[in-house]
Amino acid sequence: MKTISNILKGGVVMAALLSVTFCAKDPAGNGGANGGAPVELTERANSFVVKSGSYVAFTPCMGNSEANAEMTAAGLVWQDTKSLVESVEAKDGKVVVKLSNKEGNAVVCALNGADTTWSWNLWVTDAIISDVTVNDSLTVMDRNIGALSADAMDETSIGNVYQWGRKDAWPGAGYGTFLRKMYDINNNEITRGHELLADDCKNNVAGAIAAPNTVFYRKYVSGTTQKGNYSWVTNDYSAPEIANADSLWNNDFKSMYDPCPAGYQVAYSYTARDVAAENTAGKMAATMLIDSTYVAPETVTNSWSDSYYTRYSKQVQFRGGMYANLKFMVTGEITHEMKFSTNTTVGGLSPKAVYWTAKLDPNFKTSASYLRAISMSQTASGSGTGEAATLKMNAITTTYLNLAYQLPVRCVRERK
């Protein structure tokens, strides 16, 4: 049996695990559900879709690989709904989780002593998650990972966010420029860690595994484009220890770090191309989604002149767009500094729907491909007015963004 201690000796994750954990062991350790046995989740993935009220058990699998993480105990890293998780324990070699009748997301982890050896996202929803077929080779999930709704007018449609190449999830944006809250097993509010990479850090993959609630980043250093700027992985992309970074996530295969549920993988980098082609062919017409009932908070409107508010009132109501029945919700961009890119969230003046794809930038390995599914702007004729008809939805496209940013993930069906 492969375990985390020996698999880390090869490939991209050649580093020692840090003795750091953000897990909180369940003090009750009760794990039982009226004496019944838990339902075993047999798939191997980093994310599991389960219904509220579930009582489940799963092998501490390292994603879709054949390896299992070493485990002497299990715990909760975070939950985004109070009392979502009733208990977490390690029992008979399984991670056993008892859930309440609420919906939300939780990240649970395996522990070996005090060290976190792997973690998984439990996506707890009673909704039916479906697929949208773009063409013969591309089928897209109808919502983001962690989303409790596919309705762009619903704040829970934004789902979770990730740093590129990591399996580790965090709650995404709420309406406005704030992050949704996280709680420990006792319902105390917690925050995500934020740590600058050490100057001698050549490979932080194992460090990220050991600290699933920490956002790692590297500051920009002038003249060192290839040396790890804005990266959570390394401070030097020329280092041989990180030569296989493009296997963290990949277009051609589902990696052990891929955060999607079984049967899915992170969106291919050509997703935008295929959707745009169908749109051009008249098969996937583009439609803007506007929430006409939304009113900007007084803290915003009080600082606007009447003419300014009139001009931008519809932009703050922009919620995303559709290509036929494929929806993309406004998500915002969270930078390496744990801030939102200016005005990109719901209620902002430049709202965007952006998602990671599975391709590392081959030229500048400090960045990776992301899908800018939806952005909007005002037509020249609409200057000074707030009419929705004067807004336009910019074309879906793909470009590159720094690895340390946190963006949602939209999964596609895994190619066999």
Side-chain angles (χ1 to χ4, degrees), residues 23-61 71 73-111 118-131 141-151 154-160 167-172 174 180-190 212-213 259-264 408-409 411:
C23 288
K25 294 183 182 179
D26 175 13
N30 53 15
N34 298 321
V39 174
E40 185 166 351
L41 306 176
T42 58
E43 62 266 28
R44 301 181 71 87
N46 291 314
S47 182
F48 299 98
V49 182
V50 295
K51 292 188 178 298
S52 64
S54 293
Y55 177 44
V56 296
F58 58 90
T59 300
C61 54
M71 181 177 68
L76 177 71
V77 181
W78 59 260
Q79 56 186 341
D80 63 5
T81 302
K82 287 183 177 181
S83 301
L84 175 67
V85 177
E86 295 187 358
S87 64
V88 186
E89 65 176 338
K91 185 176 183 180
D92 299 328
K94 307 286 186 181
V95 180
V96 181
V97 184
K98 182 182 179 184
L99 299 167
S100 71
N101 289 321
K102 298 184 177 182
E103 294 182 85
N105 282 267
V107 170
V108 299
C109 67
L111 295 164
W118 206 260
S119 55
W120 303 265
N121 175 38
L122 294 181
W123 180 0
V124 187
T125 177
D126 295 330
I128 297 175
I129 299 172
S130 59
D131 291 336
M141 190 178 281
D142 72 343
R143 66 197 68 201
N144 306 340
I145 298 183
L148 303 184
S149 171
D151 182 356
D154 187 333
E155 185 176 14
T156 66
S157 68
I158 296 173
N160 297 333
K167 61 179 176 54
D168 310 303
W170 293 279
R180 297 201 316 278
K181 293 181 178 181
M182 303 187 298
Y183 307 94
D184 65 16
I185 194 73
N186 297 312
N187 296 325
N188 299 308
E189 186 174 343
I190 59 176
N213 192 32
C260 292
Y264 294 87
V409 166
C411 302

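All residue numbers in this chain count up from 1 along the given sequence.
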CG on Leu41 to CG on Leu122, rounded to 0.5 Å: 8.0 Å
Side chain proximity check, Phe58 to Glu43, heavy atoms < 4.5 angstrom: no
Heavy-atom side-chain proximity of Asp131 to Tyr264 below 4.5 angstrom: yes
Check: Trp120 and Pro60 side chains under 4.5 Å, non-hydrogen atoms: yes
Asn46 and Trp118, any side-chain heavy atoms less than 4.5 Å apart: yes
Val77 and Asp168, any side-chain heavy atoms less than 4.5 Å apart: no
Listed partners of Ser130 passing side-chain hydrogen bond (donor to acceptor under 3.5 Å, both in side chains), at least two apart: Asp142
Distance (rounded to the nearest 0.5 Å) between Cys109 SG and Leu76 CG: 8.0 Å
CG-NZ distance between Asp126 and Lys51, expressed to the nearest 0.5 angstrom: 5.5 Å
Approximate separation, where rounding is to 0.5 Å, of Asn105 CG and Asp80 CG: 5.0 Å
Sub-4.5 Å side-chain heavy-atom contact between Ser119 and Lys167: yes
Residue pair Tyr183 / Lys82: nearest heavy atoms and the distance that separates them: CE2-CE, 3.4 Å
pair Lys94-Thr59: side-chain heavy atoms closer than 4.5 Å: yes
From Leu99 atom CG to Ser83 atom OG, the distance as rounded to the nearest 0.5 Å: 12.0 Å
Approximate separation, where rounding is to 0.5 Å, of Leu84 CG and Trp78 CH2: 9.5 Å
